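Keep in mind that this is a model prediction, so the values were computed, not measured.
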Amino acid sequence: MGKMRDKLKQYLKPGYYEKYDYHWGMTIDLDRCTGCEACVVACQAENNLPIVGEKRFKERREIKWLRVERYWEGEYPNIKLRFIPMLCQHCDQAPCETPCPVAATYHNQDGLNTQIYNRCIGTRTCAVYCPYEVRYFNWFTYKWDEPLEQQLNPDVTVREKGVMEKCTFCIQRIRQAKDHAKDDGRRRVRDGEVTPACVQSCPTKAMVFGDLNDPNSRVSKMYKNPRGYKVLEELNTLPKIVYLKKADSDV
Amino acid sequence: MSISVRDALGTFKKPAVISIIGLIGFIIGYVIDVTVFSDASPVQPINFSHRMHVSKNSIPCLHCHVYADKTPSAGVPGVSKCMGCHKVIATEHPEIQKLATYWEKREPIPWIKVHDVPDFVYFTHKRHVLAGLACQECHGPVENMDRVTRVSSLKMPWCVDCHTKKQVENGRDCWTCHK
Amino acid sequence: MNKISRRDFLKFIGAGSIGAGAGLLYGKSTKKTVELLLPQVIPPEDYSPGIATWYNTICQQCGAGCGISVRTREGRAKKIEGNSNHPVNQGRLCAMGQAGLNALYNPDRIKSPLKRTGERGNNSFTEISWDEALTTLGSRLGNLKIQKHGDSVYLLTGGVRGHIDKLFATFMEAMGSDNYFHYDFTHPFALYEANRIIFGEEIIPYYDINNANYVLSFGADYLGTWISPVHYSLAYGHLRQGRGNQRGKCVQIEPRMSLTGANADEWITCLPGTEGLLAMGLAHVIMNDGGYTGSDQNEWMQAVTPYSPSVVSRQTGVEVRDITRLAHEFMKHQPGLAIGGGHTEGNTNAVASLTAINALNYLSGNLGKPGGIIFNPEPAFPNMSIKRQANYTQMLELITAMTNKGVDILLVHNTNPVFNLPPAAKFIEALHGVPLLVSLSSFMDETTALADLVLPTHTYLEAWGDDIPEPGVGFPIASISQPVVKPVYNTQSIGDIILALAHQIGGELPVALPWTQTEDYLKDSWKKIYQERTPVDATAGFDDFWKAALMSGVWGENKTRPLIKFDRLSNNQIQKIHVSQPSFAGDEKDYPFVLLPYLTQTFYDGRGANLPWLQELPDPMTSIVYSSWVELNPKTANRLGISEGDVLEVQSIAGTIRAPAFLYPAIRPDVIAMPIGQGHSHYGRYAQNRGVNPMTILAPEVDDTNGALAWSATRVRITKTEERIRIIKTDGVTRTLGRQILGNNSVHT
Amino acid sequence: MSDYREPTYAEVNRDILRTLLETGSRYWIVFGITATIAIVCFYIPWIYQWHVGLGASGQSRSDVWGTYLSNFIFWIGLSHSGTLLSAVLHITRSGWRKAIYRSAEAMTLFSLMTAAFFVLIHLGRVWFVHWSVPVPNQMGLWPNFRSPLLFDVMAITTYLTASSIFIYMGSVPDYAAVRDASTGLRRRLYTIFSFGWRGTAREWHTLGWAYTFFAVFVIPLAVSVHSIVSWDFAMSLVPGLHHTIFAPYFVCGAIYSGTAGIVTVMYLLRRCLNLERYIREIHLDNLGKLLIALSLIWAYINILELFTGWYSGSSFQYEALTYKLFGYYAPLYWEMILFCAFIPQLIFWKKIRSSWNIMFVISILINIGMLTERFLIVSTSLPRKFLPNAFGFYFPSLVEISITIGSFALFATLFLIFIKWTPCVSIYEVKETLKPLRRVE
């Protein structure tokens, strides 16, 4: 019985909170974000997102791991348009992880919500369960018109039809940084050494990425910003992306 | 007429035997294919002998596969590297003359890949070499091979087995090897 | 069944062998296909398999001149990122810049030199060799040169800058022709002219949004398309959250909300073309409330007298209350900036408007200080490109010359006048008078499709070049563009083509251009910078200097901004400041709406339309992809019984186009807007036959002062047609429905 | 036709075995049609979809589940009729079940098979479906035991196995009867099927005991299967699906549609196979009463769903309901309410309850309503979840519609094969209901 109880405890409090090295997180400052969508292209370039074509857009089958949502507020002439970049929140209590029958999506030791493409059998349950709707399904096997395939990132798989895919926080870059750290004989990756493609490209520096286990990392400090909030926090999915809400002008 | 089940089953004896023989044939056929017609040891464009180079002439692996401890890929030596020695050594040998032809035409040698992992696998030689793994642990006794033969399955269970045995840090996390 | 009969035995054998055969086949089918390991014949030094190499170069997707780092693996470009050494974009990059890979690896690039075979415009070409192409062109040019008809050679390029521009100029000079122009639709002619009027020089100063407390923008979409969006975005981010508790305020005044308008704290609409009047109204308030106490107070008082808030309010449609408030806020929150662009630049009174807006900066004393307007020091090498920019009126002169058979050879490089000039200019018709049209382009755009000879050029990622960003960043810098990959197709760099032509033609040309490779030419040119601009005690030789410049991608002397003070304006200048009402083509009764064509940050002026990533990038304001649309206010739409997707006929005095309606909540009810960029008839599979080009219905209105095209000065009427299509967009519902998505302070409606 | 006399034992054998042994051209025509539709409308579109990818369906980014899943639930629901009804009525010793339970159980089996097909059709990479089966391997890879979908796989396979055994076991004496009435190859086959059944007292005793055991075993299984299926939805956070009521709702709906399905099948069997003497008014009457009860429960749960949605005050839940009631698919919703809640109330009238034709129509309407219900679950909730910007819309594609139609043909084909394989009315149990041996005058 004691053993069972230990197992249960272990299950209720998974290790990635303190046991392992990293707990990757991100903040997005909506006061800086202009909705220019540079991040969207950066993501597409880095992660081999397919060029799906007009027809697929019409069918709403586009694949954009990171999309910018827009919301109008008010009516003309007192009208505002607000942008919010929406990407996988890497929830610590991810609703998408429980229902996958083959465990193709799970939390890894870095606190990332990961998707193993070649384990996926395409039940699409994760996409149904995801409240942020950031999981994208490969309805077809997409082709790149020659020679566009030459720009494909060799560090990222090209997904085939029937597979779910989503933001990985550019895990290939994390891997690269860890590799460099090991080469230098360091145990840990330095703050700022890993930047996902979207964060790297952001023209207003609205996004900050880093390790939440490190109290001195930039992202940990941004996490404490009083403007911070999490989208759909009431669902208790514990998303790891903190948005900093748009500030009021003090003029 | 009898209502004996055994009698009734007797009617279907022959079809059953035929199916079983067919099944056995299938298995034999498959086994023959993977053993006799195995792709583990393809015939290369040049009859290069690792035994000759490594065992007889004591050239270390990293001398030719220069990238193995630096990059994910071990790297095949460029034709220039081969010619570095073979401008003077064994130039009369027919295989070396093949090499010389490639060099004169400035063409790469179309070596056939023996060890290949699928595109969705991230494998880095660097980390394995730097972790102190001998080349032979995965590639087998290449130094004794005239023609390189794959000795490991390079399938996932084989990888996971070793990672488990050696207690590799995060060695069983999917994203350690998949991309 | 104790005995096996012969028949049965055969059956068993048969079953066994069929099974074995199937097993063999199955085994075969599970095997991987043979993969080859192809070694390098001679491995290059900077190459290691599986490791990325980064090359710093310059982005040339628009004129901002950002520095980029291109990640290459095994000799292929994989990703473009901003070069963090480069002061313009500091490591960041916009969507268009990142999509440069699509240009490099575009499947519809011109793959080898082409010669026209059929009628012009039939799109029938045959491939020819480079030798043939260069000989053909070289001999034609040479003949003209011998006949002393060199001045009948015209060269039209896009906004080429740096030493490639100089190369063109030297070439044309040696040819004996001074007909070397740039045509870039997005070039801010009016801004340069207005700045010349106020500052006395045709420049764009450094707008220090970084340190400003108040940014009053009259239509300038500085976060999207205006001049240097990445740099201004960086500054915007800093202005918002980079300075502790001090958060700058942004106000945007424009008839249609742009991306900048969406991000501004306040978005105010005025009647199209009246931004300058509004600026004068603000100036009036500032003067009357004693906000300006300079020595030329009286002259200013005089200049602003006719623009009392009540008058301006009537002219612009902005309430008096707002005018006074804006003026007070602007004066109170210094340093502040008043900038103008976008549609303000597309009206008949554009130069006057922008002058008036500039005057606000003058009145608030923001010239030459941080957070205001900082003047750029002398650049490392002179930028002659601005002088060569041909505006609409100058283009008309060129077209007249073409019609009158004054042009024997027209060389076109990186510009697409067929697409970017209104049909009223009759460019295509004028081409009949040109015996030889040569296109030096990477893509089969509309102009190239009409060419007689096509010499495909490298994209900027394959070619050598250099650049001085314009506008500067407040201190002198220059950057080098280097090839990051081997040429994908049988193309040549524009520099090499020009140099080859020079040698082909002979005469004094090889003397003026003795180089055979652009790289050598560039190196020699940069030696000058090295000699003149680097400190004398520099121990490193030129080669090290060159290498260092290539490595970092940018060369700069120092990183502090010298503050150049600005003298007062002359009374004469002040008196000239006067903004008149804009005029529009078309009668208001027949054509009730003003058409605002606008640049998008995805296609810019249409040059990005062939890049699939940009076609697939949802428009930031509407989320529409792959098409054109007409934006109109929901109220207007309601009145006319139009709903989203209804195909509208947009008619001006110059023509008619059809595009689906999109209800855009942030646009004045009396204007409609259309994005520029789609509607290509050529330009590759991604751009072709998609949407419409609003340029085709623009009336040839020009600016009163400088004769540039007034591209926002056309009135139109819209008629609903029977047709209806579904607009392709990614947005579902664009209201929060009371959900707490944007944080708790979001306004619920 | 009009002979409603109570049959004799010999007549029972004759009448029922006739349906098995004599095959007219009408059967072949019907079989040919259904089989053709099944191939053309079901398998060919599926192969096409397999080839191009799931994009062949109408599902999209905002609505990743579509008719494949709703049809799956529908067919699983239909399967609840049989086994459950047969088992419950068996252990409650309701004698009237005996003429209908065999076909009801067959319905269970074949709708389960059809449902299983829909699971496969639904998958993006069906060629890897075996990964959802817990097989130990060296990679240390197991299926995810927390997944309701894995529960599904297990529940359905268990249920399929149990109900196959259940139906087979009950048929053994009848197989013996077929064996005794036939010759040649068929006789040999049925000798094997009937396991050499001889009809000794010990055999009857064992059969009776085992049958009751399985009946008890199958009831909780059936309840759990549809509860588990409902968790596929209820365990998500999606407003409109995240209900605790979902499990009983699904079970009740399942039995409801299953019972209606039995009425339909019964009607057809009676008409086409001339079984008027065996399938009688009492069956119709009892099933009618059952339908009323179920429709009331079903309606109650629906009201409850509306009430909790309204009472929750949660914006998400409330809006999901509003969309369901008044959105694009509102006509379908009201159609469902009409067919499943109001029309069945007509059965209260004895006259309607005893009219074969009217009951046939009502039973079909109920199943149309239930098909709609399942469709609405996916098509109104999933496209409108939490972020309005990601709201979408779902409409099935031609492939999906075709496969839906084809699935009915597939079911019919399987059923037609079954008729020729197993006596569709239990011979020995019907005999039990007759008066003890009497002489034919």
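Heavy atoms of A:Tyr243 lying under 4.5 Å from chain C are absent altogether. No part of C:Gln615 comes within reach of chain A, as not one of its non-hydrogen atoms sits under 4.5 angstrom from that chain. Interface remark: A:Pro147 contributes backbone and side-chain atoms alike to the contact with chain C (heavy atom separation under 4.5 Å). Only the backbone of C:Leu93 comes within contact range of chain A, judged by heavy atoms closer than 4.5 Å. Proximity to chain A is absent for every atom of C:His231, based on heavy atoms less than 4.5 angstrom apart. Heavy atoms of A:Ala45 lying under 4.5 Å from chain C belong to its backbone as well as its side chain. With a 4.5 Å cut-off on non-hydrogen atoms, A:Leu244 does not touch chain C at all. Of the atoms belonging to C:Tyr232, not a single heavy atom falls under 4.5 Å from chain A. Contacts of C:Pro229 with chain A are absent, with no heavy-atom separation under 4.5 Å from either backbone or side chain. Residue contact with chain A, scored on non-hydrogen atoms closer than 4.5 Å, is absent for C:Asp221. Looking at A:Asp31, the atoms closer than 4.5 Å to chain C (heavy atoms on both sides) sit in the backbone and in the side chain alike. Of the two parts of C:Ala666, the backbone and the side chain both hold a non-hydrogen atom closer than 4.5 Å to a non-hydrogen atom of chain A. For a residue to count as touching a neighbouring chain, one of its non-hydrogen atoms must lie under 4.5 Å from one of that chain's; by this rule C:Thr72 does not touch chain A. In this structure, no portion of A:Lys230 lies under 4.5 Å from any heavy atom of chain C. Looking at A:Val199, only its backbone comes within 4.5 Å of chain C, counting heavy atoms on both sides.
Distance alone, capped at 3.5 Å, places no donor-acceptor pair between the A:Lys205 side chain and the C:Gly242 backbone. At least one donor-acceptor pair under 3.5 Å links the side chain of A:Gln200 to the backbone N or O of C:Gly91. Counting only distance, with no hydrogens or angles, the side chain of C:Tyr105 and the backbone of A:Gln150 share no donor-acceptor pair below 3.5 Å. Counting only distance, with no hydrogens or angles, the side chain of C:Arg92 and the backbone of A:Cys202 share a donor-acceptor pair below 3.5 Å. Remark: side-chain polar atoms of C:Gln98 are paired, donor with acceptor, to backbone N or O of A:Ala38 under 3.5 angstrom. Of the possible donor and acceptor atoms, one in the side chain of C:Glu616 sits under 3.5 Å from a partner among the backbone N and O of A:Val52.
With rounding to the nearest 0.5 angstrom, the CD1 atom of C:Ile80 is 12.5 Å from the OG atom of A:Ser201. Taken from CZ in C:Arg71 to CG in A:Asp155, the straight-line distance is 5.0 Å, to the nearest 0.5 Å. The distance from the CZ atom of A:Arg67 to the CG atom of C:Asp731 is 9.5 Å, given to the nearest 0.5 Å. A:Phe57 CZ to C:Lys729 NZ: the interatomic distance, rounded to the nearest 0.5 Å, is 14.0 Å. Rounding to the nearest 0.5 Å places CZ of A:Arg70 at 9.0 Å from CE of C:Met621. In this structure, the separation between NZ on A:Lys80 and CG on C:Leu742 is 12.0 Å, given to the nearest 0.5 Å.
Salt bridge present: C:Arg690 and A:Glu54 bring a charged side-chain N and a carboxylate O closer than 4.0 Å. The pair A:Glu69-C:Arg735 fails the salt-bridge criterion, with no side-chain N (NZ, NE, NH1 or NH2) lying under 4.0 Å from an Asp/Glu carboxylate O.
Contact check for C:Met257 versus A:Trp72: side-chain heavy atoms found under the 4.5 Å cut-off. Using a 4.5 Å heavy-atom threshold, the side chains of A:Leu148 and C:Asn106 count as separate. The closest side-chain heavy-atom distance from C:Leu234 to A:Pro203 is not below 4.5 Å. You'll find the side chain of C:Trp267 reaches within 4.5 Å of the side chain of A:Tyr76, heavy atoms only. In this structure the side chain of A:Gln151 reaches within 4.5 angstrom of the side chain of C:Asn102, judged on heavy atoms.
Across all non-hydrogen atoms, the minimal contact from A:Ile84 to C:Ile741 is CD1-O, 3.6 Å. Contact detail for C:Tyr236 and A:Arg32: the closest heavy-atom pair is CE2-O, 3.5 Å. In this structure, C:Ser233 and A:Thr204 approach most closely via the heavy-atom pair O-CG2, 3.1 Å. The shortest heavy-atom contact between C:Thr730 and A:Arg60 is O-NH1, 3.4 Å. When every heavy atom of A:Ala42 is checked against every heavy atom of C:Lys79, the shortest pair comes out as O-CE, 3.4 Å. Of all heavy-atom pairs spanning A:Phe83 and C:Ala262, the tightest one is CE1-CB, 3.8 Å.
When each of A:Asn78, A:Ile79, A:Thr34, A:Val68 is scored by its heavy-atom pairs under 4.5 Å with chain C, the top score falls to A:Thr34. If you tally non-hydrogen atom pairs under 4.5 Å between each of C:Thr622, C:Thr602, C:Leu617 and chain A, the highest count goes to C:Leu617. For the set C:Thr269, C:Val230, C:Thr260, the count of heavy-atom pairs under 4.5 angstrom toward chain A peaks at C:Thr269. Residue with the most contacts toward chain C among A:Lys58, A:Lys64, A:Gln176: A:Lys58 (heavy-atom pairs, distance under 4.5 Å). Contacts with chain A were tallied for C:Val485, C:Val733, C:Ile268, C:Ile667; C:Ile667 has the most, counting heavy-atom pairs under 4.5 Å.
The number of heavy atoms from other shown groups lying within 6.0 Å of NZ (C:Lys111) is above 12. With a 6.0 Å radius and a threshold of 12 heavy atoms from other residues, nucleotides or ligands, A:Arg175 has its CZ atom above the threshold. A 6.0 Å sphere centred on CZ of C:Arg109 holds more than 12 heavy atoms belonging to other residues, nucleotides or ligands.
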| query | Checking side-chain contact (heavy atoms from CB on, under 4.5 Å) for the pair A:Cys36/C:Leu223: CA distance, chi angles, key distance, verdict? | reply | CA-CA 8 Å; A:Cys36 71; C:Leu223 298 178; over 6 Å; no
| For A:Lys246 and C:Asn263, what are the C-alpha separation, side-chain angles and deciding distance, and is it a side-chain contact (heavy atoms from CB on, under 4.5 Å)? | CA-CA 10 Å; A:Lys246 197 158 179 79; C:Asn263 287 294; 4.3 Å; yes
| query | Passes side-chain contact (heavy atoms from CB on, under 4.5 Å), C:Arg739 versus A:Glu234? Steps please. | reply | CA-CA 11 Å; C:Arg739 299 175 181 193; A:Glu234 63 269 39; over 6 Å; no
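For residues 129-146 of chain A, the pairs satisfying salt bridge (Lys or Arg N to Asp or Glu O under 4.0 Å) are A:Asp145-C:Arg685, with sequence neighbours left out.
Defined by atom type and a distance below 3.5 Å, a donor-acceptor pair is missing between the side-chain atoms of C:Arg73 and A:Asn153.
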